[in-house]
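Just so it is clear, the model here is predicted, and its values are computed rather than measured. Only heavy atoms go into these numbers, but all of them, side chains included; no hydrogens, no water, no symmetry mates.
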Amino acid sequence: MKTVYNILCILFGVGMIIFGANKFFNFMPTPKLTPEQLEMFNAFGKIGWLMPLIAITEIVGGLLVLLPKTRAVGALVMLPIIIGILAHHFHHDPAGIVPGLVFAVILIWILWENRKKYAQLMN
């Protein structure tokens, strides 16, 4: 089971690095956006620092999840990103929520495996 966990952590980390890098280099095709989504992403574009911040957070969080020593911190960094992904798809694109759910399940497993490390934060 530990091997499956480590493989999923690697896939999660690499996936987040790829999606973060895509925000800078646009190497993956963009799915067709609804007018509501287009308006929202145009608004994000007007806030010039927002999308680069999200991209950097995805890249750094992905790198942290790749390394077992920093995995617990990386999972905490990725938590608001995954919540945002799920909220976006739930509200704007329910049909596209499955990949976000897969990433969320992996993240929950990472958080669960590192729960003893987080206990010190709660005291």
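Hydrophobic clustering (side-chain heavy atoms under 4.5 Å, transitive across Ile, Leu, Val, Met, Phe, Trp, Tyr) groups F24 together with I81. L86 and I108 fall into different hydrophobic clusters, where Ile, Leu, Val, Met, Phe, Trp and Tyr side chains are chained together by heavy-atom contacts under 4.5 Å. Residues L76 and M122 are members of separate hydrophobic clusters, defined by side-chain heavy-atom contacts under 4.5 angstrom among Ile, Leu, Val, Met, Phe, Trp and Tyr. Residue V102 is grouped with residue F12 when hydrophobic side chains (ILVMFWY) are merged at heavy-atom distances under 4.5 angstrom, including chains of intermediate members. Under a hydrophobic clustering in which Ile, Leu, Val, Met, Phe, Trp and Tyr are joined whenever their side-chain heavy atoms come within less than 4.5 Å, directly or via other members, M51 and V60 fall into the same cluster.
A distance-only check finds a donor-acceptor pair linking the side chain of R71 to the backbone of L66 [under 3.5 Å]. Side chain of Y118 to backbone of W112: no donor-acceptor contact under 3.5 angstrom is found. Side chain of E39 to main chain of E36: no donor-acceptor pair is present (N/O by atom type, distance under 3.5 Å, no hydrogens or angles). Remark: side-chain polar atoms of T34 are paired, donor with acceptor, to backbone N or O of Q37 under 3.5 angstrom.
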- Message: Could you go through I54 and F44, starting from their C-alpha distance and side-chain angles, then the distance that decides it, and tell me whether this counts as side chain to side chain contact (heavy atoms under 4.5 Å, CB included)?
- Response: CA-CA 11 Å; I54 293 170; F44 287 164; 5.8 Å; no
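Separating the CZ atom in R115 from the CD1 atom in I110 is a distance of 14.0 Å, to the nearest 0.5 Å. Between atom CD1 of residue I59 and atom CG of residue L64 there is a gap of 12.0 Å, rounded to the nearest 0.5 Å. Once rounded to the nearest 0.5 Å, the distance linking CG of L107 with CE of M16 reads 9.0 Å. Separating the CD1 atom in I106 from the CG atom in L111 is a distance of 12.0 Å, to the nearest 0.5 Å.
Within the 4.5 Å cutoff, the side chain of F103 has no heavy atoms near those of the M78 side chain. Residues E58 and I17 form no side-chain contact, since every pair of their non-hydrogen atoms from C-beta on lies 4.5 Å or further apart. Contact annotation: the side chain of V73 never approaches that of K117 to less than 4.5 Å [non-hydrogen atoms, C-beta and beyond]. Contact of the I85 side chain with the I82 side chain is registered, since non-hydrogen atoms from C-beta on lie closer than 4.5 Å.
Open room surrounds CZ on F25; 12 or fewer heavy atoms of other groups in view lie less than 6.0 Å from it.
F41 and H92 have their aromatic ring centers separated by at least 6.0 angstrom.
Between A55 and G20, the closest heavy-atom pair is CB-O, 3.4 Å. Smallest separation of non-hydrogen atoms from P52 and G48: CD-O, 3.3 Å.
A side chain to side chain contact (heavy atoms under 4.5 Å, CB included) with L33 is found for one member of D93, N42, L38 and no other, namely L38.
The side-chain contact (heavy atoms from CB on, under 4.5 Å) search around T3 returns I7, not counting sequence neighbours.
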